[in-house]
Trainee: 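Quick one: the structure is below, and I'll ask about it shortly.
Convention: sequence-line order gives letters A, B, ...; per-chain numbering from 1. Note that the coordinates shown come from a computational prediction; the quantities given were computed from them, not determined experimentally.
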Amino acid sequence: MIRAMSTENSLPALTADDHLILVDGSTFIFRAYHALPPLTRKPDGLPVGAVSGFCNMLWKLLQEGLTPEKGDEPTHFAVIFDHSSKTFRSDIYPEYKAQRPEPPEDLIPQFGLIRQATRAFSVHSVEQEGYEADDLIATYAVQAAEMGARVTIVSGDKDLMQLIGPKVGMIDTMKNKIFGEEEVFEKFGVGPDKVIEVQSLAGDSVDNVPGVPGIGLKTAALLINEYGDLETLLSRASEIKQNKRRENLIEFADQARVSKQLVTLKQDVPVNVPVTHLSVTDLDGPKAVGFLKAMGFTTLTKRVAETTGAEATNIEPADFQVPGWDMPDHKGRLVEHAAPAAKSTSAAGGDPADLPKGMMVPQTVAEARAEAARATVIDASAYETVTTLERLKEWIAEAYETGHVAFDTETTSLDAMQADLVGLSLCSVAGKACYVPLGHVDGEGDLLGGGGLVAGQIPMDDALAALKPMLEDPSVLKIAQNLKYDWLVMIRHGIDIGPADDTMLLSYALDAGKGGNGMDELSERWLGHKPIPFKEICGSGKSMITFDKVVIDKATAYAAEDADVTLHLWQVLKPRLASEHMATVYETLERPMVPVLGRMEKRGISVDRQMLSRLSGDFAQGMAALEDEIRELAGENFNIGSPKQLGDILFGKMGLPGGKKTKTGAWSTSASVLEDLAAEGHELPSRIVSWRQLSKLKSTYSDALPGFINPETNRVHTSYSLAATTTGRLSSSEPNLQNIPVRTEEGRKIRKAFVAEKGHKLISADYSQIELRVLAHMADIPQLKKAFEDGLDIHAMTASEMFGVPIEGMDPMVRRQAKAINFGIIYGISAFGLANQLGIGRGEASDYIKTYFERFPGIKDYMETVKKDVHANGYVTTIFGRKAHYPEVNTKNPNMRSFYERAAINAPIQGSAADILRRAMVRMEDRLSRSKLDAQMLLQVHDELIFEVPEDQVEATIPLVREVMEKACEPVLQLSVPLQVDARAADNWDEAH
DNA sequence: TCTTGCCCTTA
DNA sequence: GTAAGGGCAAGAT
């Protein structure tokens, strides 16, 4: 193949012995910027976090190549940058990567620094007008591979995966992840050679590659695997069975072809620098050291100096300019101060060797731990099955010796309130774990009632008696993943586990928003190890067996590994708590919640089964009546629960004016669309709305709830998740008791079925307008604060302030609009959303928002500050320091970007309110018991707590509950706005609310 | 039998 | 416009 090459190319071609490393510079910068903690150079505050990450990676690659073994160092090396956003792709498709946002302010000066870093390390950097870095990488990779050399692309960009092959590998140094054919297959469902075909079908919202509507990665892979490539598929599209899919493939065939051009990397860029010129040149030690010194990277400076033999102390920090970041007293020369100095001091020439140790690397310990944990191999063959009490006691002794033990239970159910203990695993020293089977039964038991206990297990009572002192001993820290589950299982056996750490909550406190906090995911993320899937042990679906039927050898491999992985995770995550200043959040808002929620779940709440059963009957009757009417109105029978069939009838057969379409192109039949039609006098849509309401109440509530009544306790025990949301809220499931109907009369009948025990009352205590109060405090809005102090109607006040109308005798519609705006503000308002909510035009909504911001300029300022923060840091924080991460907020897709910005505006508000309620909950039990009150906390619904209280204690309980809730911020924080709690008691939840 | 899309319930 | 969980239909497996 002919390649355009420089005519002066006289250097030898690459051979099979050569190894070319191509670093995807631009994406690396963004990744380093967002993934690493912000780091600024002292003393001038120059942001250098991304530079630091870049230099460390560069150094490591140059020294070691991909593996620490000698002989893998690269022979050729280049960092490839994007030159400008305008490329040949914009000509094919103008929307491609359109509206690429400005990079964060504190990243901008780092681009230049990183280019300087490549020079300082004597590394080639290549960029070329009109081409993306990806195209240059593709061209170089192909050329080098054709010469027989090995190529490694350093990037995390999925668009580069199409290049992977026998000679070309890819590694993501940030995530320590190597991409081979297997990983590509995992991601795209096809091999690297078919990645382009799949991408052109599935599209890419981030880069604005359109693809074909309704086809995602899964379907795209499926089609390509069947038809081989895009053109074949398009030419045979008429054979596709699925209507929608076939139509879309035909209609959007050209769009798919354009997409293919967009995603196909150009492998024949007429490169200005030939690949042969990319050979590694000797590192100029003093030059590199000078640069690193100027940056203030003490650790790396030392390392490079040692390796290159450069005398660090004799080398002057390098001279250079950072556009827009010149220190007035240094005139562009960046020099470090030897010691904390007064702002005006300009003692140039301070010796970096005098810098306090570790000043630039505050997280050394945490990083070292993470590194060590990643390096450890998790080896199932080392696990022990404990079959005698003597051995168990030795394991317990080891927990006492080390002072900690990772602990995990195996049971017969995911529901901790129904789970029978089958065994448990322990691990005090990483890599050394055991499983103690206690309740395994013979799998051959068949219909005659199952087999008996498998021989060779310690009697459960003996084992638990031996374990109890250790599990409750204050000198042994227990470590679990999702501790609440194990806590509940064990408390049902009379063991109150404590003190304990929860790796799930550690991860949540540190990384909320960055991904899941489940063990398998954390293990892959932090340890690079995929634990044995539960499915592999117990199967799934109908043929799933309970853990007590698992043969013990398999059980040991699975269960002991869990404890081992948990301990590893703890070793990685726990040190981060201090270095990332999240210890207080974890200790006050996370860890103490485990037993509090555990006790709430264990208590459960009483529901009236008969009442629900009657309701189901009533709802069924109502539905049947409506079904008759609907059939009559529609003129045919159809499945009313099918939005598809309904859409066909309303907008096809009956020819009603169709409103919105869903994202897959089907007619929307949402309540708002149907209500609009009903308002125009159409009968059928209004019947459908009523039918749907009854259907929802019946299926989700009156039919389903009785199934959750625990046969032993006769109560319903929800399960709260402490780590399911990005903001810090709890979530509730199986059943979800945080979405019990309340808005409609019919719905409240469900709520009435939640009742107090005989001789008791339910107390519901809820915060009034907590989120608006939190906002008033955080954004410091005088009018809002005054209104809350004076106990005014906040929505009326808002309306009065905005529209200049008196609060007295206000038109309810005006107040309603103000209320919608207030909610909109909390949700990160958009004209689009407000218009939707109020049923007004976008322009009018826009005017409202403008007026609002004029009247409350502090709110606008607050929002802008939060946006700036989230773009700069990748996270936002609540008033108690909880972090909510939005790692994708800097996406180029404008819709996604706005979405993350709104979420980031909302998170501190919603999250602070959640923190406040958590604080109240953590204190509540102790305050009640110290007042000799027997009230029991049962439920939490975001701004509300439900208690069950002996009738004669209601009067005394209410004021105490209110006080704890209203003073939940104190003493560490005094809100500048009072919190108000309304509480009342009744026999059922509806009347208490 | 499993996944996805749609719709609906809450704060 | 924020944050959740869950039921059902439809289509793929």
Trainee: Select base, sugar-phosphate, or nothing to describe what T726(A) touches, counting heavy atoms under 4.0 Å on all strands.
Mentor: sugar-phosphate
Trainee: Rounding to a whole Å, what distance do you find between I916(A):CD1 and dA3(C):C1'?
Mentor: 16 Å
Trainee: Taking only the side-chain heavy atoms of P741(A) (C-beta and beyond), determine which of dA11(B), dT10(B), dA4(C) contains the nearest atom.
Mentor: dT10(B)
Trainee: Just checking F823(A): base, sugar-phosphate only, or nothing, at a heavy-atom cut-off of under 4.0 Å?
Mentor: nothing
Trainee: Would you indicate which nucleotide in dC6(B), dA11(B), dG5(C) comes nearest to any side-chain atom of T662(A)?
Mentor: dC6(B)
Trainee: Under 4.0 Å, counting only non-hydrogen atoms across every strand here, what does S642(A) touch: a base, just sugar-phosphate, or nothing?
Mentor: sugar-phosphate
Trainee: To the nearest Å, give me how far apart CE (M544(A)) and C1' (dT1(B)) are.
Mentor: 13 Å
Trainee: Applying a 4.0 Å non-hydrogen cut-off, can you work out what I740(A) is touching in the nucleic acid: base, sugar-phosphate, or nothing?
Mentor: sugar-phosphate
Trainee: Determine whether any donor atom in the side chain of Q910(A) lies under 3.5 Å from an acceptor atom in the base of dT2(C), or the reverse, and answer yes or no.
Mentor: yes
Trainee: So what does T669(A) hit on the nucleic acid, given a heavy-atom distance under 4.0 Å: a base, only sugar-phosphate, or nothing?
Mentor: sugar-phosphate
Trainee: Taking the six-membered ring of F619(A), is NZ or CZ of K698(A) closer than 6.0 Å to its centre and within 45° of its axis?
Mentor: no
Trainee: Under the criterion salt bridge (Lys or Arg N to Asp or Glu O under 4.0 Å), I'd like the reasoning laid out for D990(A) against K752(A): C-alpha separation, chi angles, the key distance, then a yes or no.
Mentor: CA-CA 5 Å; D990(A) 177 48; K752(A) 280 194 205 304; 2.6 Å; yes
Trainee: Would you kindly give the CG-to-C1' distance between D990(A) and dT10(B), to the nearest whole Å?
Mentor: 14 Å
Trainee: Between Q418(A) and S413(A), do the side chains contain a donor N or O and an acceptor N or O under 3.5 Å apart?
Mentor: no
Trainee: Rounded to whole Å, how long is the line connecting atom NZ of K663(A) with atom C1' of dC7(B)?
Mentor: 13 Å
Trainee: Expressed as a whole number of angstroms, how long is the span from R918(A):CZ to dA3(C):P?
Mentor: 16 Å
Trainee: Using whole Å, what does the distance between atom C1' of nucleotide dG11(C) and atom CG of N639(A) come to?
Mentor: 15 Å
Trainee: Looking only at the side chain of R902(A) (C-beta and beyond, no hydrogens), which of the listed nucleotides dT2(C), dA11(B), dT10(B) gets closest?
Mentor: dT2(C)
Trainee: So if I take every side-chain heavy atom of R751(A) and compare against dC8(C), dT10(B), dG5(C), which nucleotide ends up nearest?
Mentor: dT10(B)
Trainee: Taking only the side-chain heavy atoms of K542(A) (C-beta and beyond), determine which of dA11(B), dG5(C), dT1(B) contains the nearest atom.
Mentor: dT1(B)
Trainee: Rounded to the Å, how far apart are L737(A) CG and dA11(B) C1'?
Mentor: 14 Å
Trainee: Does the side chain of T700(A) get closer than 4.0 angstrom to OP1 or OP2 of dG5(C) through an N or O atom?
Mentor: no
Trainee: Within the structure shown, what part of the strands sits under 4.0 Å from A835(A) by heavy-atom distance: base, sugar-phosphate, or nothing?
Mentor: nothing
Trainee: Side chain of V742(A): nearest nucleotide among dC6(B), dT10(B), dA3(C)?
Mentor: dT10(B)
Trainee: Taking only N and O in the side chain of R743(A), is any of them less than 4.0 Å away from OP1 or OP2 of dT9(B)?
Mentor: no
Trainee: With a 4.0 Å cut-off on heavy atoms, is L834(A) in touch with a base, just the backbone sugar-phosphate, or nothing at all?
Mentor: base
Trainee: Please classify the nucleic acid contact of S668(A) as base, sugar-phosphate, or nothing, using heavy-atom distances under 4.0 Å.
Mentor: sugar-phosphate
Trainee: May I ask you to say what G541(A) touches in the nucleic acid, namely base, sugar-phosphate or nothing, with a heavy-atom cut-off under 4.0 Å?
Mentor: sugar-phosphate
Trainee: Base, sugar-phosphate, or nothing for A831(A), non-hydrogen atoms under 4.0 angstrom?
Mentor: nothing
Trainee: Apply side chain to side chain contact (heavy atoms under 4.5 Å, CB included) to the pair L684(A) and L656(A), showing each step before the final yes or no.
Mentor: CA-CA 11 Å; L684(A) 183 52; L656(A) 296 184; over 6 Å; no
Trainee: Looking at S733(A), is its backbone amide N or carbonyl O close enough to the side chain of T718(A) to form a donor-acceptor pair, meaning the two atoms are under 3.5 Å apart?
Mentor: yes
Trainee: Which comes earlier along DNA chain C counting from the 5' end, the contact point of R729(A) or that of S733(A), where each point is its nearest nucleotide?
Mentor: R729(A)
Trainee: Measure from CG on D648(A) to P on dA10(C) and round the result to the nearest Å.
Mentor: 10 Å
Trainee: Please check the phosphate of dC8(B) (OP1 and OP2 only) for any side-chain N or O of R692(A) closer than 4.0 Å.
Mentor: yes
Trainee: Under 4.0 Å, heavy atoms only, any strand: does Q645(A) hit a base, just the sugar-phosphate, or nothing?
Mentor: sugar-phosphate
Trainee: If you check every side-chain atom of K644(A), which of dA10(C), dT1(B), dA11(B) has the closest atom?
Mentor: dA10(C)
Trainee: What about Y852(A) and Y848(A), are their ring centers closer than 6.0 Å?
Mentor: no
Trainee: Taking the six-membered ring for Trp, are Y886(A) and Y900(A) parallel (under 30°), tilted (30 to 60°) or perpendicular (over 60°)?
Mentor: tilted
Trainee: What is the nucleic acid contact for E771(A), judged by heavy atoms within less than 4.0 Å: base, sugar-phosphate only, or nothing?
Mentor: nothing
Trainee: Regarding N736(A), tell me which of base, sugar-phosphate or nothing describes its non-hydrogen contacts under 4.0 Å with the strands shown.
Mentor: sugar-phosphate
Trainee: Out of dC7(B), dA11(B), dT9(B), which nucleotide sits closest to the side chain of P643(A)?
Mentor: dC7(B)
Trainee: Looking only at side-chain atoms of E734(A), point me to the closest of dG6(C), dA4(C), dA3(C).
Mentor: dG6(C)
Trainee: Would the distance check show the side chain of Y767(A) and the main-chain N or O of M965(A) forming a donor-acceptor pair, the cut-off being under 3.5 Å?
Mentor: yes
Trainee: Name the nucleic acid region contacted by A914(A), choosing base, sugar-phosphate or nothing; use a 4.0 angstrom heavy-atom cut-off, strictly under.
Mentor: nothing
Trainee: Is the shortest side-chain N/O distance from Q693(A) to OP1 or OP2 of dC7(B) below 4.0 Å?
Mentor: no
Trainee: So, is S670(A) close to the dC7(B) phosphate, meaning a side-chain N or O under 4.0 Å from OP1 or OP2?
Mentor: no
